[in-house]
Amino acid sequence: MEEKEKLFQIGESVKYEGEMMKVIAEYERTIVAEFNRFPIPDKEEEFPFRRIVIKKGNVQRT
């Protein structure tokens, strides 16, 4: 099984839901990213964890 080319670099900054994040892992359709600032004021319920899994098409490269 061949591995697809990576679209993101580990450590790359991306933006999701208006928040800056750092890519820590990449998979076929998703990335795992970590918020640069945490907890996020007024979004504690929406983002209760520092790291989240995001579909690649839902992040913006910076």
Side-chain angles (χ1 to χ4, degrees):
M1 185 164 90
E2 68 182 69
E3 186 173 325
K4 292 189 177 192
E5 185 177 331
K6 301 285 185 179
L7 300 176
F8 295 87
Q9 296 289 323
I10 303 301
E12 179 179 349
S13 293
V14 295
K15 196 170 196 176
Y16 176 71
E17 299 283 325
E19 298 295 328
M20 293 301 297
M21 304 184 80
K22 177 175 69 172
V23 176
I24 59 173
E26 180 177 3
Y27 301 97
E28 187 175 333
R29 295 183 185 126
T30 61
I31 62 169
V32 177
E34 180 174 78
F35 289 102
N36 288 352
R37 64 180 185 132
F38 189 83
I40 303 167
D42 302 322
K43 292 187 178 181
E44 292 91 352
E45 288 185 24
E46 187 177 352
F47 300 114
F49 304 106
R50 176 177 287 279
R51 295 176 175 176
I52 61 172
V53 177
I54 310 165
K55 289 185 179 178
K56 289 181 179 179
N58 293 345
V59 297
Q60 297 174 330
R61 298 181 99 152
T62 58

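Every heavy atom of this structure was used, including side-chain atoms; hydrogens, water molecules and symmetry mates were not.
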* Hey, could you give me the CE/CD1 distance between Met21 and Ile31, rounded to the nearest 0.5 Å? => 7.5 Å
* At what distance, to the nearest 0.5 angstrom, does CD of Gln60 lie from CD of Glu17? -> 10.0 Å
* Is the count of non-hydrogen atoms from other residues, nucleotides or ligands lying under 6.0 Å from Lys15 atom NZ greater than 12? -> no
* To do: Locate the shortest heavy-atom distance separating Ile54 from Ala33; write the atom from each residue and the value.
  => CD1-CB, 4.1 Å
* Are Lys43 and Glu19 ion-paired here, with the side-chain N under 4.0 Å from a carboxylate O? -> yes
* Please check if atom CZ in Arg61 has more than 12 non-hydrogen atoms from other residues, nucleotides or ligands closer than 6.0 Å. => yes
* Inter-residue atom distance Arg50.CZ - Phe38.CZ, 0.5 Å rounding -> 6.5 Å
* To do: Under the side chain to side chain contact (heavy atoms under 4.5 Å, CB included) rule, what do Tyr27 and Val53 come out as? Steps first, then yes or no, please.
  => CA-CA 10 Å; Tyr27 301 97; Val53 177; over 6 Å; no
* hydrophobic_cluster_shared for Ile24 and Phe8, side chain cutoff 4.5 Å -> no
* To do: Work out which heavy atom in Tyr16 is nearest to a heavy atom in Asn58; give both atom names and the distance.
  => CD1-O, 3.3 Å
* Structure fact -> Here the gap from Glu26 atom CD to Gln9 atom CD, rounded to the nearest 0.5 Å, amounts to 8.5 Å
* Among the clusters formed by ILVMFWY side chains lying less than 4.5 Å apart, do Phe47 and Val14 turn up in the same one? -> yes
* Between Thr62 and Ser13, is there a donor-acceptor pair closer than 3.5 Å when you use the side chain of the first and the backbone of the second? -> yes
* Asked: Can you hop from Val59 to Leu7 via hydrophobic side chains spaced under 4.5 Å?
  -> yes
* Structure fact -> Heavy-atom nearest pair, Lys55 first then Thr30, reads CA-CG2, 4.2 Å
